[in-house]
Amino acid sequence: MTAPHLINVSLPQPSHKVGACHRIGNFDLIDHWFTVPLTHGLIFGHSAEVAQDHPLAQETITVFAREVIDTSPQPTTAVEARPFMVYLQGGPGGASPRPASDAGWVAKLAQTHRVILLDQRGTGNSTPLTAQTLTALGSVESQVQYAELFRADSIIADAEVVRDFLTVDRADRRWSTMGQSFGGFLTLSYLSFAPGSLKDSRMTAGLAPIRAHIDGVYRSTYARTQARNQEFFGWYPEDAALANRIAEHLASKTEKLPTGERLTPERFQMLGSYLGGNARIHQLHYILQSAFAEGHSHLSEQFIRDVASCVSFIGSPIYALLHEAIYADGPAVPVGANKLSPSPAPTRWSAQRISAELPQFAPDAHQLLFTGEHTFDWYFDQDPSLSPLAEAAHALAEKDDWGRLYDHEQLARNEVPLVAAAYVPDIYVDFEHSMNTANFVTNTRVWTSATHHHDGLGADGAMILGHLKNLLADMH
């Protein structure tokens, strides 16, 4: 089967195949497999000519999506009449959820929509982006040319292929979007490049800082991360001394992770990923508490196992490679030029540069602090799963010709209803920057919370989605 309409450039034709169907509780789960042009996202971020002339222009990849249909008596609308909604996952580099029951926030959305759980290119069941697939390309230049095709512009182009096939028999071929975290960034790209495809959009913890420079973004998130560290140590005062003891131990003694490399103090700081959620933060205490086996001066195997699961990028390098690139909105421009975006490329390891201004985040600081969503160049030295990609990572950090992530003029005149949840203490997506974006993007309504953290959707999804549904109803 070929696409109902084709992108008007000489790229490979998309195709679609329906796979297996399974039942979990009241959910029918239908697998969908799509073949998409590798470079078609460049039409959004650059131009059709760039997409056609790219060295990989005739290549294709597979994109997977799982359709969720609620078959229970609760929905009042027949399945055939329910609009589609695509879920845009966080990350970058995260696969879409795998339903294990017919409950939770997916069930809430499935009451009113046919939900499409999209495995963004490079993740899940879609064609993977791994160290193995990248290094097989050969030169660093080839690796960079391939990796640049896994940003928001390409993900949105893939979503358009999915929508195109699934809505071919419908009079209204628009669908809704739901984005969490990086999925909110993707939503703003979607509203920029293909607003005519969207009925409405929801997002949680994802109002991207589109009008802020990347360095300013990291200064804000470091400040919120420091405050979150202090809150954590206020709950568990004994963990402040224990974190210092572990860092000092790692600086003087060799402790190895299961993958064979040494665990360093700075890698230990990566456990700050647990600080970003109300449902996760207390797990950090339990991990630290297990650090030293009773009667021994070495770190326990349980602690090493738990740390390893948090600090390794084995099998999923997209986050480390492209996290800072999600802020590179367009090419570098000359000083004084009239530019639309305050975040021009290159990113040049922004989080690492800003950390140099903040001695409190040094691994040998008087009080060890855990880091948050901050990537560093030493990842590619210390993590053996990333080390083959070190040259490509540095080249991406210096890349100065990224495509556009957003059309700021289009967002300023946006007509698609957009409702968002933003959390005041979020250490990953800064609240003030989020509100600036909400004020800039026309037709946006925001529900705010002073108590929820970045994991609000997973921890309290039904309630938050209820607020967003009410906001959306008020806009119609």
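Starting from 1, each residue takes its place in the sequence as its number. Model, not experiment: these values are computed from the prediction.
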For this session: Report the C-alpha distance between Asp28 and Thr71 in whole Å, list the side-chain angles of each, state the deciding distance to 0.1 Å, and finish with yes or no for side-chain hydrogen bond (donor to acceptor under 3.5 Å, both in side chains).
Result: CA-CA 7 Å; Asp28 276 347; Thr71 64; 5.0 Å; no
For this session: Just do the side-chain contact (heavy atoms from CB on, under 4.5 Å) check on Phe313 and Phe380 with the steps written out, would you?
Result: CA-CA 10 Å; Phe313 289 95; Phe380 295 84; over 6 Å; no
Seminar exercise, completed: In short, Ile318 meets Gly122 closest at the heavy-atom pair CD1-O, 3.7 Å
Problem set entry | Interatomic distance, Leu198 atom CG to Trp175 atom CH2 [nearest 0.5 angstrom] | 9.0 Å
Below 3.5 Å, can you tabulate the donor-acceptor pairs from side chains in residues 107-117 to any protein atom, sequence neighbours excluded?
| residue | atom | partner | partner atom | Å |
| --- | --- | --- | --- | --- |
| Thr112 | OG1 | Leu109 | O | 3.3 |
| Arg114 | NE | Glu67 | OE2 | 2.7 |
| Arg114 | NH2 | Glu67 | OE2 | 2.8 |

Exercise. Does the side chain of Tyr406 reach to within under 4.5 Å of the side chain of Leu191, using non-hydrogen atoms?
Worked result: no
For this session: For residues Leu321 and Leu134, determine if any side-chain heavy atom of one lies less than 4.5 Å from a side-chain heavy atom of the other.
Result: yes
Exercise. How far does CD1 of Ile287 sit from CG of Leu242, to the nearest 0.5 angstrom?
Worked result: 12.0 Å
For this session: Would you check, one step at a time, whether the test ring-ring contact (aromatic ring centres under 6.0 Å, His included) holds for Phe64 with His32?
Result: CA-CA 6 Å; Phe64 174 83; His32 294 271; 8.5 Å; no
For this session: Identify whether the distance between the nearest side-chain nitrogen and carboxylate oxygen of Asp426 and Arg224 falls below 4.0 Å.
Result: no
Exercise. Are any of the side-chain heavy atoms of His22 and Ile30 separated by less than 4.5 Å?
Worked result: no
For this session: Verify the neighbour count for atom CD of Glu357: are there more than 12 heavy atoms of other residues, nucleotides or ligands below 6.0 Å?
Result: yes
Problem set entry | side-chain hydrogen bond (donor to acceptor under 3.5 Å, both in side chains) between Gln120 and Asp158, intermediate numbers included | CA-CA 8 Å; Gln120 297 162 20; Asp158 295 343; over 6 Å; no
Exercise. So Glu148 and Lys399, salt bridge (Lys or Arg N to Asp or Glu O under 4.0 Å) or not? Walk me through it.
Worked result: CA-CA 10 Å; Glu148 73 173 335; Lys399 184 175 169 62; 3.1 Å; yes
Seminar exercise, completed: In terms of heavy-atom contacts, Ala392 and Val144 come closest through O-CG2, 4.0 Å
Exercise. Does a donor on one side chain and an acceptor on the other come within less than 3.5 Å for Asp215 and Ser350?
Worked result: yes
For this session: Using only heavy-atom distances, determine whether the side chains of His433 and Arg211 contain a donor-acceptor pair under 3.5 Å.
Result: no
Problem set entry | Minimum side-chain heavy-atom gap Arg121-Ile155 below 4.5 Å | yes
Problem set entry | Non-neighbouring partners of Leu358 that pass side chain to side chain contact (heavy atoms under 4.5 Å, CB included), sequence neighbours left out | Tyr222, Ile354, Gln360, Phe361
For this session: Determine whether more than 12 heavy atoms belonging to other residues, nucleotides or ligands lie under 6.0 Å from atom CD1 of Ile314.
Result: no
Seminar exercise, completed: Interatomic distance, CG@Leu471 vs CG@Leu418, rounded to 0.5 Å, equals 10.0 Å
Problem set entry | Value rounded to 0.5 Å, distance of CE in Met270 from OG1 in Thr371 | 7.0 Å
Exercise. Are Tyr428 and His454 an aromatic pair by the rule of ring centers under 6.0 Å?
Worked result: yes
Exercise. Will you find, in the side chains of Ser126 and Thr62, an N or O donor that is under 3.5 Å from an N or O acceptor?
Worked result: no
For this session: Indicate the ring-plane relationship of Phe370 and Phe233, choosing parallel, tilted or perpendicular according to the 30° and 60° boundaries.
Result: tilted
For this session: Starting from the C-alpha separation in whole Å, work towards a yes-or-no answer on side-chain hydrogen bond (donor to acceptor under 3.5 Å, both in side chains) for Glu261 and Thr259.
Result: CA-CA 6 Å; Glu261 76 275 20; Thr259 40; 2.6 Å; yes
Exercise. When rounded to the nearest 0.5 angstrom, what distance separates OH in Tyr218 from OG1 in Thr375?
Worked result: 5.0 Å
Exercise. Regarding Arg245 and the six-membered ring of Phe292, is the cationic atom NZ or CZ under 6.0 Å from the ring centre and inside 45° of its axis?
Worked result: yes
Exercise. Going through the checks in order, is the side-chain contact (heavy atoms from CB on, under 4.5 Å) test met by His282 and Tyr236?
Worked result: CA-CA 9 Å; His282 299 288; Tyr236 301 105; 2.8 Å; yes
Exercise. Would you call the rings of Phe232 and Trp235 parallel, tilted or perpendicular if under 30° counts as parallel and over 60° as perpendicular?
Worked result: perpendicular
Problem set entry | Any side-chain donor near an acceptor of the partner, His298 and Glu255, under 3.5 Å | no
Exercise. Can you check side-chain hydrogen bond (donor to acceptor under 3.5 Å, both in side chains) on Arg280 and His453, steps first, answer last?
Worked result: CA-CA 10 Å; Arg280 285 170 50 85; His453 275 262; over 6 Å; no
Problem set entry | Asp407 to Phe193 - nearest heavy-atom pair and separation | N-CE2, 4.3 Å
Exercise. When the ring planes of Tyr379 and Phe376 are compared, do they come out parallel, tilted or perpendicular, using 30° and 60° as the limits?
Worked result: perpendicular
Exercise. Around atom CD of Gln367, are there more than 12 heavy atoms of other residues, nucleotides or ligands at under 6.0 Å?
Worked result: yes
For this session: Give the C-alpha distance, both sets of side-chain angles, the deciding distance and a yes or no for side-chain contact (heavy atoms from CB on, under 4.5 Å) between Asn244 and His366.
Result: CA-CA 8 Å; Asn244 280 352; His366 174 70; 6.0 Å; no
Problem set entry | Asp153 and Ser189, any side-chain heavy atoms less than 4.5 Å apart | no
Exercise. Which residue pairs pass the side-chain hydrogen bond (donor to acceptor under 3.5 Å, both in side chains) test with at least one member in residues 91-101, sequence neighbours excluded?
Worked result: Arg98-Asp119
Exercise. Under 3.5 Å, is there a donor-acceptor pair between the side chain of Ser154 and the main chain of Leu149?
Worked result: yes
Problem set entry | Whether Trp105 and Tyr87 hold their rings parallel, tilted or perpendicular, with breakpoints at 30° and 60° | tilted
For this session: Compare all side-chain heavy atoms of Ser176 with those of Ser201 and state whether any distance is below 4.5 angstrom.
Result: no
Exercise. Is the count of non-hydrogen atoms from other residues, nucleotides or ligands lying under 6.0 Å from Glu231 atom CD greater than 12?
Worked result: yes
Problem set entry | Shortest non-hydrogen contact between Arg262 and Ala251, atoms and distance | NH2-O, 3.6 Å
Exercise. Are there more than 12 heavy atoms of other residues, nucleotides or ligands under 6.0 Å from atom CD of Gln132?
Worked result: no
For this session: Decide side-chain contact (heavy atoms from CB on, under 4.5 Å) for Tyr327 and Leu405; before the verdict, give the C-alpha distance in whole Å, the side-chain angles of both, and the deciding distance to 0.1 Å.
Result: CA-CA 8 Å; Tyr327 299 108; Leu405 291 171; over 6 Å; no
Exercise. Is any side-chain heavy atom of Leu257 less than 4.5 Å from a side-chain heavy atom of Ile304?
Worked result: yes
For this session: Report yes if the side chains of His374 and Thr221 come closer than 4.5 Å at any heavy-atom pair, otherwise no.
Result: yes
Exercise. Does the side chain of Gln382 come under 3.5 Å of the side chain of Glu266 through a donor N or O and an acceptor N or O?
Worked result: yes
Seminar exercise, completed: The reported gap from CD in Gln289 to CD in Gln302 (rounded to nearest 0.5 angstrom) is 9.5 Å
Exercise. Just by distance, with hydrogens left out, do His394 and Asp377 show a side-chain donor and acceptor under 3.5 Å apart?
Worked result: no
